[in-house]
Amino acid sequence: MLEKAYTAKQFEDKIYKKWESHGSFKPSDAKKTFSIAMPPPNATGTLHLGHAIMLAIQDILIRYKRMDGYASLWLPGTDHAAIATQNKVEKVLAEQGISRHDLGRKKFLDEVKKFVANSQSTIRNQIRKMGSSCDWSHERYTLDDGLSEAVLEIFTRMYEDGLIYRGDRIVNWCPRCGSTLADDEVDYKEEKGKLYWLKYGPFSLATTRPETKLGDTAVAVHPKDKRYKKMIGKKYMIPGVLGDFEIVVVADEAVDPEFGSGAIKVTPAHSFTDFDIAKRHGVPLKKIIDEEGRMMKNCGKYAGMTTLECRKAILEDMDKMGLLEKTEDYNHQLSVCYRCGTSVEPLTSKQWFIDVNKKIKRLGGKTLKEKSIEVVKDGSVKILPNRFNKTYYHWMENLRDWCVSRQIWWGHRIPVYYCEDCNEMMVSVQAPKKCTKCHKSNLRQDEDTLDTWFSSGLWTFSTLGWPKQTEDLKRFHPTSVMETGYDILFFWVARMILMTTYALNEIPFKTVYLHGLVRTKTGEKMSKSKPETCIDPLDMIQKYGADALRLSLVIGSSPGNDIRLYEEKIAGYRNFVNKIWNSARFVLMNIEEKDYNANEKDVLNSELSKTDKWILTRLNEVIEDTTKKLEKYALSDAGTEIYDFLWGEFCDWYLEMSKVNKNPKVLSFVLKKILVLLHPFTPFVTEVVWENLNQKNLLINEPWPKKNKDMLFKKEKSEIKIVKDIITNIRALRVESNVDVTRKIKAVIYAGKHEGLMKKKSTIISRMANLGELEILKSGSKLKNALMSVVEDVEIFLPLEGLMDIDKERKRMQKEITEMKNNIDFIEKKLANDGFVNKAPKEVVAKERARREDLIARLEKLRKQLESL
RNA sequence: GGGCGCUUAGCUCAGUUGGCUAGAGCGACUGGUUUACACCCAGUAGGUCAUAGGUUCGACCCCUAUAGCGCCCACCA
């Protein structure tokens with residue numbers, strides 16, 4: 001006997017262990033396969049709702065496919081998250097007054113490893129709490145030996161293909177992290193700044209960064225700008241705070257003649273635009289800001305100052321020299337590091353880059369960019385929702401060479417070795433023992449590590465054993481779905497496509513499902529600084545259960561759209577979970593053990609009432625619909641449909657009707673099918689109930705149901721609809737007329753052609769409408785002093801002599817009649833319209849006609865009743 | 001500056017390729033210890049589907065403009 005209410009925390013851990021110990025998460029050996037590489041959470045901390053939603057969605061997909069007979073692999077893992085992790089550990093050490101340099105590379109890395117091991121075990125535990133049916137025997141970590149080998153292998157190959165090169169180029173530099181950042185790792189923040197107008201030799205020009213004047217080597221103007229035409233190509237000496245310096249005037253399309261004076265100072269070493277201009281015109285670079293964000297030695301008295309200090313000092317000096325013309329308020333976008341928020345310093349530096357514009361043989365003469373765009377354009381990779389295609393193309397088309405070297409310690413060290421004796425450079429997976437040129441063994445490995453997205457870009461295949469040609473790789477790659485937040489489409493999804501098409505000449509996944517961000521009830525971003533609206537998934541699991549949390553994240557959310565989450569919503573789904581439990585409780589109380597395994601044959605061979613036929617019909621329709629919806633990734637729709645079926649039909653009607661007349665085989669059969677359908681959504685409660693039905697196998701391994709045509713009963717479906725409508729009408733009538741609900745009143749039904757049906761279902765009607773007496777006749781004269789309603793051609797009377805207010809009832813009927821008339825008018829207008837009758841599909845017209853007939857017949861009956869009152 | 005999304009009942013959201021003068025949950029209100037469930041049951045109220053045009057026999061749905069909110073991208077110094 002089940003407890004009165006379901007308490008999730010009493011069962012969830014036990015059930016999860018049961019699945020694990022049965023090896024239920026391991027892919028079967030079926031031929032058809034389905035696979036998802038779980039986006040690896042950063043190994044830096046704990047799970048948040050962003051993880052919870054991804055786990056819920058992916059688990060639904062995996063469980064569904066597993067039940068549907070696919071060998072399904074859901075591969076879990078973690079990411080070393082280079083900069084994020086290093087920053088975190090540095091912060092912890094800083095509290096003890098230690099810097100990473102105090103410890104040295106090796107000891108510092110040991111600290112990081114300890115930290116990671118700890119958070120990994122937290123994460124594993126939390127993934128389990130969500131009910132995620134991932135295959136732990138396949139768990140991977142981006143720094144595993146195998147995965148590291150894949151990273152070095154790709155690096156080496158790309159180098160050999162000429163795709164990876166070392167260049168002295170301008171990069172985004174975070175002075176706090178002490179490292180480069182990729183273009184998309186830079187955030188922009190609106191800043192109230194100033195625009196300074198400088199007297200600049202023969203020019204007058206505006207800048208937001210006067211301190212960079214020390215690094216200027218040119219002035220650029222628009223080629224068509226008449227004001228400066230004569231000056232193009234000439235050199236000028238410009239008076240400056242450190243004496244005069246020379247610039248050359250160049251003409252470049254990048255200059256906007258409308259802005260400022262139409263002339264811009266060019267600081268090639270510290271601005272992306274200027275760098276490009278300088279490159280186009282062969283203008284020299286002059287680097288003046290170092291990697292700590294300080295002015296370099298070549299800046300005279302300003303050397304050693306931070307850029308901001310220097311800006312202040314240089315403005316004062318320029319003002320004294322009369323070089324500062326005016327200052328205006330100016331808002332602009334300040335670029336900051338996405339990890340730590342520090343203002344990013346563009347500077348030139350020797351770094352490793354991936355050339356995205358080089359045509360290569362391996363890709364049939366296409367560039368990395370072109371190939372990445374192609375696989376989405378030709379539909380090999382489908383993005384859901386597909387409006388993100390456009391965003392993806394735009395990003396890819398504008399992608400610049402990807403800077404992959406980072407000056408941090410935590411990560412995959414670049415497999416490049418330099419000979420200290422002859423300066424030869426070697427790139428190889430295995431560290432070389434001797435210099436290939438001078439054969440001496442005085443070698444030094446490059447200090448830098450790789451961008452964290454370099455390794456995660458390989459995630460779908462490095463986790464399956466590549467570069468070895470493993471069985472897993474053959475079976476499960478390309479993966480079926482990549483499910484992740486739309487906020488990392490560029491960071492990760494795009495990079496996986498780029499890296500995988502290069503490495504394997506194969507797509508990494510067939511479908512990309514992008515979920516939205518989880519927000520508060522009022523639509524704000526959840527942040528830990530606002531604990532009152534910031535929901536911790538683990539708290540919610542503790543309080544309402546994982547099943548309830550999963551539903552609250554999945555139902556009402558669609559790909560690409562943000563979702564609002566709040567506690568009442570989760571509580572609501574907890575109620576639904578309890579409803580599942582109680583429906584099962586009722587069924588268990590009404591069947592015997594021999595019915596637990598009733599199959600389709602048993603059901604069809606049993607004596608089926610109209611009610612049974614109706615619920616079987618609906619069940620099979622629901623099976624068909626939800627399966628279609630799941631195939632379309634319409635998870636929310638699928639979930640809603642089963643929710644409504646269980647609560648609104650099975651519980652509200654079928655179980656209630658079973659209290660009069662039950663068929664234990666049908667009760668058992670339908671309940672079990674519902675459990676199967678619900679299992680991907682609410683795995684825990686369904687498995688617990690399943691257990692109580694003494695099933696030999698676990699529900700997680702139960703096959704997904706298919707529609708059975710022998711269980712579709714069209715006639716009974718519409719008959720039961722009439723019965724339901726009659727009951728609903730009687731209930732409404734008595735409540736509207738303030739008749740005490742508990743009072744067992746009498747009803748008279750003139751059933752017309754439905755006499756047989758009514759007589760068969762009279763007990764059910766009596767019970768569900770709480771009637772004391774029910775008289776069923778084929779027809780008769782209108783009853784006075786009675787409430788009345790009509791369903792199809794069935795007339796219902798509630799004779800309430802003495803209890804009813806005739807005036808009130810007249811008004812009520814009058815109102816109903818008026819509404820009906822309006823309705824009929826509306827339909828008639830439509831039918832009188834030739835355009836409609838001729839152009840609308842036949843079914844639509846026929847439907848309207850039938851509706852009109854029905855309404856007219858009912859109207860007539862109501863009218864007569866009104867007259868007789 | 002470019003691109004995208006959203007605007008439906010008090011709140012949170014559904015509404016499939018145009019065809020029930022629009023649905024659910026929560027909240028409100030009325031009333032209920034009936035063979036599971038008060039985490040429940042029965043019922044009621046509440047919407048010119050942001051605005052203005054257009055296409056169509058027919059628009060919440062398609063098109064165009066407008067407004068408000070939000071997001072992404074961008075080297076206007």
Side-chain angles (χ1 to χ4, degrees), chain A residues 2 4-6 184 188 195 205-209 212 220 254-256 258-260 263-267 271-277 330 332-333 335 346 385 387-388 390-391 394-395 398 486-487 489-490 517 521-523 544 548 555-558 560-566 568-569 571-590 628-629 632 634 636-637 640 643-644 648 651-652 655-656 658-660 662 728 731-732 734-736 738 740-742 767-770 822-823 826-827 830 833-841 843-845 847-848 851:
Chain A
L2 302 181
K4 210 170 164 183
Y6 175 68
D184 48 319
Y188 294 90
L195 189 64
L205 49 76
T207 180
T208 51
R209 299 197 62 187
T212 59
V255 180
D256 176 3
E258 305 291 318
F259 189 89
I264 64 169
K265 57 192 234 26
V266 179
T267 322
S271 150
F272 279 85
T273 318
D274 296 3
F275 182 84
D276 289 344
I277 293 175
Y330 185 67
H332 70 132
Q333 300 288 320
S335 52
R387 66 182 138 90
F388 279 97
K390 239 184 182 174
T391 327
H394 183 259
W395 187 82
N398 292 293
Y486 63 72
D487 51 330
L489 176 65
F490 304 140
L517 268 41
K521 185 166 187 178
T522 48
Y544 301 106
I555 294 195
S557 88
S558 52
N561 295 325
D562 292 349
I563 169 168
R564 299 186 183 193
L565 188 73
Y566 39 91
E568 304 94 281
K569 197 171 183 176
Y573 287 110
R574 185 270 321 268
N575 296 352
F576 173 67
V577 169
N578 189 239
K579 192 75 183 177
I580 302 172
W581 178 259
N582 269 288
S583 63
R585 187 163 180 256
F586 176 83
V587 171
L588 279 164
M589 288 164 76
N590 281 281
K628 271 189 200 157
K629 286 171 179 167
K632 284 197 301 193
S636 173
D637 288 356
T640 307
Y643 178 108
D644 290 341
C651 290
D652 289 349
L655 294 189
E656 289 304 322
S658 291
K659 289 174 183 175
V660 170
K662 68 187 178 194
T728 307
R731 284 169 175 170
R734 56 195 295 164
V735 170
E736 274 173 49
N738 293 329
D740 183 2
V741 201
T742 55
R767 187 194 158 85
M768 291 186 72
N770 198 28
N822 290 341
N823 237 321
F826 183 76
I827 295 171
K830 255 193 199 176
N833 183 339
D834 287 346
F836 175 73
V837 179
N838 296 327
K839 291 186 183 172
E843 312 88 71
V844 176
V845 179
K847 210 167 141 194
E848 292 297 324
R851 261 185 74 205

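None of the values given here were measured: they were computed from a predicted structure. Residue numbers begin at 1 in each chain, while the letters A, B, ... track the order of the sequences.
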Just call it for A/Arg851: base, sugar-phosphate, or nothing, with non-hydrogen atoms closer than 4.0 Å on any strand. sugar-phosphate
Suppose we call a contact any N or O donor and acceptor under 3.5 Å apart; does that hold for the side chain of A/Lys579 and the base of B/C37? yes
Partner nucleotide of B/C20 by Watson-Crick or wobble geometry (both distances under 3.5 Å): none
With a 3.5 angstrom cut-off on both distances, give the Watson-Crick or G-U wobble partner of B/A45, or none if there isn't one. none
Between atom CG in A/Leu517 and atom P in B/C4, what is the gap in whole Å? 21 Å
Give A/Asn833 one of three labels, base, sugar-phosphate or nothing, depending on what nucleic acid heavy atoms sit under 4.0 Å from its own. sugar-phosphate
When you get a sec, tell me which of B/C57, B/C37, B/A42 is the closest nucleotide to the side chain of A/Asn578? B/C37
Donor-acceptor pair, A/Arg585 side chain versus A/Lys579 backbone, under 3.5 Å? no
By nearest atom, which of the nucleotides B/C37, B/U21, B/C4 is closest to the A/Lys4 side chain? B/C37
Comparing A/Tyr6 and A/Thr640 on RNA chain B - which has the more 5′ nearest nucleotide: A/Thr640
Protein-nucleotide distance (A/Asp562, atom CG; B/C13, atom C1'), rounded to Å: 14 Å
Are A/Phe586 and A/Lys659 packed together at the side-chain level, in the sense that at least one heavy-atom pair is separated by less than 4.5 angstrom? yes
Check this one for me: any side-chain N or O of A/Arg585 less than 4.0 Å away from OP1 or OP2 of B/U35? no
Under a 3.5 Å cut-off for both contacts, is B/C40 paired Watson-Crick or G-U wobble with anything, and if yes, with which nucleotide? B/G32
Give a yes/no answer on whether the side chain of A/Arg564 brings an N or O atom under 4.0 Å of OP1 or OP2 in B/C13. yes
A/Lys629 side chain N/O closer than 4.0 Å to the phosphate oxygens (OP1, OP2) of B/U16? no
Taking every heavy atom of A/Ile580 against every heavy atom of A/Ser583, the minimum-distance pair comes out as O-OG, 2.7 Å
Distance, C1' atom - from B/A14 to B/A9, rounded to whole angstrom: 13 Å
Would a 4.5 Å heavy-atom cut-off, applied to side chains only, mark A/Lys521 and A/Lys569 as touching? no
Among the candidates B/G19, B/U35, B/C75, find the nucleotide nearest to the side-chain atoms of A/Tyr188. B/C75
In whole angstroms, how far is the C1' atom of B/G5 from the CG atom of A/Leu489? 15 Å
For B/A77, give its Watson-Crick or G-U wobble partner with both distances under 3.5 Å, or none. none
Does B/U66 have a Watson-Crick or wobble partner in any strand here, with both distances under 3.5 angstrom, and which is it? B/A50
What interatomic distance, in whole Å, is found between C1' of B/C13 and the corresponding atom of B/C57? 33 Å
Among B/C37, B/A36, B/C73, which is the nearest nucleotide to the side chain of A/Lys659? B/A36
Record whether the side chain of A/Glu656 comes under 3.5 Å of the base of B/A36 through a donor-acceptor pair of N or O atoms. yes
Closest approach to the side chain of A/Arg387, judged atom by atom: which nucleotide of B/C4, B/U12, B/C76 is it? B/C4
Applying salt bridge (charged side-chain N to carboxylate O under 4.0 Å, His left out), name anything that partners A/Arg574, two or more places apart in sequence or on another chain. none
Using purine N1 to pyrimidine N3 plus N6-O4 or O6-N4 for Watson-Crick, or N1-O2 and O6-N3 for G-U wobble, both under 3.5 Å, which nucleotide pairs with B/C11? B/G25
Interatomic distance at C1', B/C69 relative to B/A50, whole Å: 11 Å
Using a heavy-atom cut-off of 4.0 Å across all strands, would you classify A/Pro346 as base, sugar-phosphate, or nothing? nothing
A/Asp637-A/Thr640 side chain donor-acceptor pair, cut-off 3.5 Å: no
Does a side-chain N or O from A/Lys390 land closer than 4.0 Å to OP1 or OP2 of B/C4, or not? yes
Base of B/U21 and ring of A/Phe826 stacked, centres under 5.5 Å, planes under 30°: yes
Expressed as a whole number of Å, how far does the C1' atom of B/G70 sit from that of B/U64? 23 Å
Reckon A/Phe388 touches a base, only the sugar-phosphate, or nothing at all at heavy-atom distances under 4.0 Å? nothing
Using a heavy-atom cut-off of 4.0 Å across all strands, would you classify A/Ser271 as base, sugar-phosphate, or nothing? nothing
Side-chain donor/acceptor of A/Arg574 to base of B/C39, under 3.5 Å: yes
Could you tell me how far B/C6 sits from B/C49 if I compare only their C1' atoms? Round to whole Å. 14 Å
Please state how far atom CZ in A/Phe586 lies from atom P in B/U34, giving the value in whole angstrom units. 15 Å
Winner on side-chain proximity to A/Asn582, out of B/C76, B/C57, B/A36, is B/A36
Does A/Asn590 reach a base, just sugar-phosphate, or nothing at all? Heavy atoms under 4.0 Å. base
Heavy-atom donor-acceptor pair, A/Ser636 side chain to A/Gly556 backbone, under 3.5 Å: yes
Pick the P atom in B/U48 and in B/U56, then give their distance to the nearest Å. 28 Å
The residue, A/Glu568 or A/Pro841, whose nearest nucleotide of RNA chain B is more 5′ is A/Pro841
So, do A/Leu489 and A/Trp395 sit near enough that their side-chain heavy atoms are less than 4.5 Å apart? no
Report the nucleotide, chosen from B/C76, B/C72, B/U44, that has the shortest atom-to-atom distance to any side-chain atom of A/Ala732. B/U44
To the nearest Å, how far apart are A/Lys569 NZ and B/A14 C1'? 11 Å
Among B/U56, B/U12, B/C76, which nucleotide has an atom closest to any side-chain atom of A/Lys839? B/U56
Integer angstrom distance from the P of B/C61 to that of B/G53: 14 Å
A/Asp637 side-chain proximity, nearest of B/A14, B/C4, B/G19: B/A14
Could you tell me how far apart A/Asp644 (CG) and B/U16 (P) are, to the nearest whole angstrom? 16 Å
Could you measure between the two P atoms, the one in B/A65 and the one in B/C73, and give it in whole Å? 26 Å
Rounded distance (nearest 0.5 Å) linking atom CZ of A/Phe836 with atom CD1 of A/Ile827: 9.5 Å
A/Asn561 has an atom CG; how far is it from atom P of B/C4, in whole Å? 16 Å
Here the distance between atom C1' of B/C11 and atom OH of A/Tyr566, to the nearest Å, is 7 Å
Look at all strands and tell whether A/Thr728 reaches a base, only sugar-phosphate, or nothing, counting heavy atoms closer than 4.0 Å. sugar-phosphate
A/Asn823 has a side chain; which of B/C37, B/C76, B/U21 sits nearest to it? B/U21
For residues A/Asn770 and A/Arg734, determine if any side-chain heavy atom of one lies less than 4.5 Å from a side-chain heavy atom of the other. yes
